[in-house]
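Below is one structure, written out as structure tokens; the observations come after it.
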Amino acid sequence: MAYAVVYTRTGEDYYNSGNSENYKGLIAKNCDVFHAVHLALSYDGMNFIPMRNNTGILFPKAEFSEETPQGMIGGVTKTLRDPWAFRYQDGSFGICAVRWNENEPDPKTTGHTMLFQSEDFIRFREASFFKLSDEEIRHPRCQWDAGKNSYYMEWETSLGTYSGYTKDFLDIENVQICRETLLKAADIDSIKEADFGNVLEISEKEAKKIEMYLGEIKNIGVKDIQINVAAGEKPEFENLPKAVCLYNDGSVHEKSVWWDKEAFEKIDFTKSGEYEISGEICQKHYPFPFLKTGMSDPCVCWYQGRFFLSASGQRSVTFHISDTLEGLASAEPVNVYTMPETDKTHANMWAQEMHIIHGIPYVFTTVGEREWYTVRSHILRCNGNPENPADWEAPRLVVRPDGTELQPEGISLDMTYFCINEIHYVMWSDRKFAERSEKRVIADSADIYIATIDPDRPWQLTSEPVCILRPIYGWDRYETEVDEGPYLLRHGEDLFVTISGSSTGLADLYCLGLLHAKQTDNLLLPKSWDWLPYPILTKESVAGEYGPGHNSFIKDPDNGDDLLIYHAVPHDKNGKTLGRHMGIRRVHWAANGYPYLEMTEERDLNPEFKKINLKIIIHN
């Protein structure tokens, strides 16, 4: 038997970065992420382990048909209060809770509980709203009563606590004052600053599956290594086996080993016998920060045996270039293009990405004037050596099939490129403005769009832009309603696109979400893309790395591993933000088939398992 407890977080109403000098003038409501369903698991009913680093796993969707209280047009962020877990009659999982508009009751759902349903406690669907009262309610609770063939419910209003029964969540019957609460909330000592719902008994099998998707992944051992050879046949030292590292979710990862060559050479392979040589598992070390200087939106591209690192720039396109990935840390920046200086030119060549299309290097970036709200997606083409400034053409504006701007009433930015099944795509972030002037900007949410392009003229769309994603959960609306920075990671038939969400100015709150599709899907259809309802990388993922996001991916040329190139924000010992800095981390492919982006060196390889032995059996 195992146990699951649901809860919301408590604490400060607004985000406190730890230093009053950080992010002055910017305010983020913690309810956006605190007031979502959190989940913790236990196998003894006492010691509970929070899932997803104690962040939410279930967020209600925002509504875009309403104006926000601030007068923006980015929709209304919805939050949840008082979650309660139960089983539906068919054995599936349910959550009932009260939906609010951030920190205020939602007048559209007065007296209702919001119902969610899931087969596995991993992905929920919004089932319905169920009316229990004409007044505001709190603490809705539910439990299937097999004896009455109905769901027993309790809830609170300003007049007291009530109970009733329902067979189908359409009507509540036998409503009466509940003098004694039968359904008790949990009280868990091991989780602090939490408003608990209840503890629900689940099977160990169900708990293990939940952990596979929502738990921390870490190295728990290494497979024993043994080879058998015939007498007189000496194996090549360079071809000795790799180590197979084992992880707690059931996944594995091969790593190279530094075997003891001196001990290997002393073995007499002409005679039968058993021998052992020692070895040490190889693990690459990428320090954070990777560069001494700050960097936002890093992107690494491999071209003709060289690594090109680019990032958000000012008036210039700049590369760090090296023969090795590690060498990028000390490579001097090379300026290959500078915008002509005018009175309006400013630091708005954002998120520079180098991509190779039909063998030609291109840089996807933005060009803007002094104000941030003037940026538009542009592309530069290289006609020769990308290290030679003379070979780069001036930026071209990305246009629709009819030659018009992508977003004439707003901005376009963070454009990326990929090719699937010989179809060439661009994906970018697009933001409309209801009003734009020197004194005031009223902005809609930043949304993700996709279109096809002419690969020989990638600035020319060949299909109309299609919106495939808007910021709909509290975690990608935290201070600012933003989805941006798309980048493709391909794994077999699966296509994953990381999306950076949440505040851009209050940089600690930036985080990563994940889109998923299959390569056989029609990628121009929004329904082909599955948006994971919780973030996969946040400030809670790795200690000391706030606001992780806006990343790229690249293959390690030495071992074929996928590597995450990202930025995050370190703080000094006094809590002062040091700005965005670049990091590199191995992407781990979890047993569930999804990328795990929280693989620190300690989780990747437990130091206890670094030293290993190889058994060599020689037989006649």
Side-chain angles (χ1 to χ4, degrees), residues 295-301 303 308-321 333-419 424-431 436 446 449-462 465 484-487 550 552:
M295 178 173 284
S296 294
D297 317 326
C299 180
V300 176
C301 177
Y303 178 66
F308 291 75
L309 167 62
S310 56
S312 280
Q314 299 181 0
R315 293 176 45 238
S316 301
V317 175
T318 301
F319 293 123
H320 294 253
I321 307 169
V334 177
N335 184 345
V336 297
Y337 179 82
T338 301
M339 288 291 298
E341 188 167 2
T342 69
D343 290 341
K344 294 183 177 181
T345 303
H346 192 50
N348 285 334
M349 297 194 78
W350 294 347
Q352 299 167 16
E353 294 186 10
M354 180 168 154
H355 293 279
I356 312 303
I357 307 175
H358 286 174
I360 298 174
Y362 294 87
V363 165
F364 289 65
T365 185
T366 61
V367 173
E369 297 175 355
R370 287 193 178 276
E371 295 78 13
W372 68 270
Y373 50 80
T374 64
V375 297
R376 297 177 296 172
S377 294
H378 284 68
I379 297 176
L380 295 79
R381 179 168 61 189
C382 179
N383 291 318
N385 179 4
E387 301 182 42
N388 182 9
D391 289 341
W392 284 94
E393 298 178 354
R396 288 181 171 88
L397 178 68
V398 180
V399 296
R400 293 169 177 261
D402 63 1
T404 59
E405 294 183 29
L406 294 181
Q407 183 46 268
E409 299 177 352
I411 58 176
S412 58
L413 63 151
D414 293 356
M415 182 170 284
T416 192
Y417 159 85
F418 52 87
C419 180
H424 300 260
Y425 298 90
V426 288
M427 191 180 283
W428 70 96
S429 183
D430 191 289
R431 195 165 198 178
R436 182 173 68 181
Y449 280 74
I450 190 173
T452 57
I453 58 165
D454 177 350
D456 296 321
R457 303 173 69 246
W459 50 85
Q460 176 67 63
L461 301 193
T462 54
E484 63 182 14
Y487 206 93
H550 206 125
S552 61

Residues that Tyr417 engages under side-chain hydrogen bond (donor to acceptor under 3.5 Å, both in side chains), provided they are two or more places apart
His424
Look at the side chain of Asp454 and the backbone N and O of Gln460, then say whether any donor-acceptor pair between them is shorter than 3.5 Å.
no
If we ignore hydrogens and angles and just use 3.5 Å, is the side chain of Trp392 paired with the main-chain N or O of Pro386 as donor and acceptor?
yes
Once you round to the nearest 0.5 Å, how far does CD1 of Ile453 lie from SG of Cys419?
9.0 Å
Spell out, as yes or no, whether a donor-acceptor pair under 3.5 Å connects the side chain of Ser412 to the backbone of Ser377.
yes
Looking at CZ of Arg376 and CD of Glu405, how far apart are the two atoms once the value is rounded to the nearest 0.5 Å?
4.5 Å
Apply side chain to side chain contact (heavy atoms under 4.5 Å, CB included) to the pair Thr374 and Asn348, showing each step before the final yes or no.
CA-CA 9 Å; Thr374 64; Asn348 285 334; 4.2 Å; yes
When rounded to the nearest 0.5 angstrom, what distance separates CZ in Arg381 from CD1 in Ile357?
10.5 Å
Here the pair of heavy atoms bringing Ser429 nearest to Ala446 is OG-CB, 3.7 Å
Minimal non-hydrogen separation, Leu461 against Ala451, with atom names:
CD1-CB, 3.8 Å
Under 3.5 Å: donor-acceptor pair, side chain of Thr462, backbone of Thr452:
yes
Report yes if some heavy atom in the side chain of Pro486 is under 4.5 Å from a heavy atom in the side chain of Asp414; otherwise report no.
yes
Side-chain touch Phe319/Val363, heavy atoms, less than 4.5 angstrom
yes
Close side-chain approach of Ser310 to Val317, heavy-atom, < 4.5 Å:
no
Taking Leu406's backbone N and O only, do any of them form a donor-acceptor pair with Arg400's side chain (distance below 3.5 Å, no angle check)?
yes
Roughly how far apart are Glu387 CD and Cys382 SG, rounded to 0.5 Å?
10.0 Å
Is there a side-chain contact between Glu353 and Asp297 in this structure, where contact means two heavy atoms from C-beta onward sitting under 4.5 Å apart?
no
Starting at CD of Gln352, measure out to OG of Ser312 and round the result to the nearest 0.5 Å.
7.0 Å
Distance-minimising heavy-atom pair for Tyr362 and Ile379
CD2-CG2, 3.8 Å
A quick test of your reading: do over 12 heavy atoms of other residues, nucleotides or ligands sit less than 6.0 Å from CD of Glu393?
yes
Donor-acceptor pair, side chain of Asp456 and main chain of Pro458, under 3.5 angstrom
no
Please report the shortest heavy-atom distance between His550 and Gly485, naming the atom on each side.
CE1-CA, 3.6 Å
Can you tell me how far the CZ atom of Phe418 sits from the OH atom of Tyr425, to the nearest 0.5 Å?
7.5 Å
Spell out, as yes or no, whether a donor-acceptor pair under 3.5 Å connects the side chain of Arg431 to the backbone of Gly410.
no
Check: Pro333 main-chain N/O paired with Thr318 side-chain donor or acceptor under 3.5 Å:
no
Can you confirm whether Thr365 sits close enough to Pro395 that some side-chain heavy atom of one is under 4.5 Å from a side-chain heavy atom of the other?
no
If I compare all heavy atoms of Phe308 with all of Tyr303, which pair ends up nearest, and what's the gap?
CE1-O, 3.8 Å
Please name the pair of heavy atoms, one in Phe364 and one in Met415, separated by the smallest distance, quoted to 0.1 Å.
CB-O, 3.6 Å
Between the side chain of Thr366 and the main-chain N/O of Val375, is any donor-acceptor distance below 3.5 Å?
no
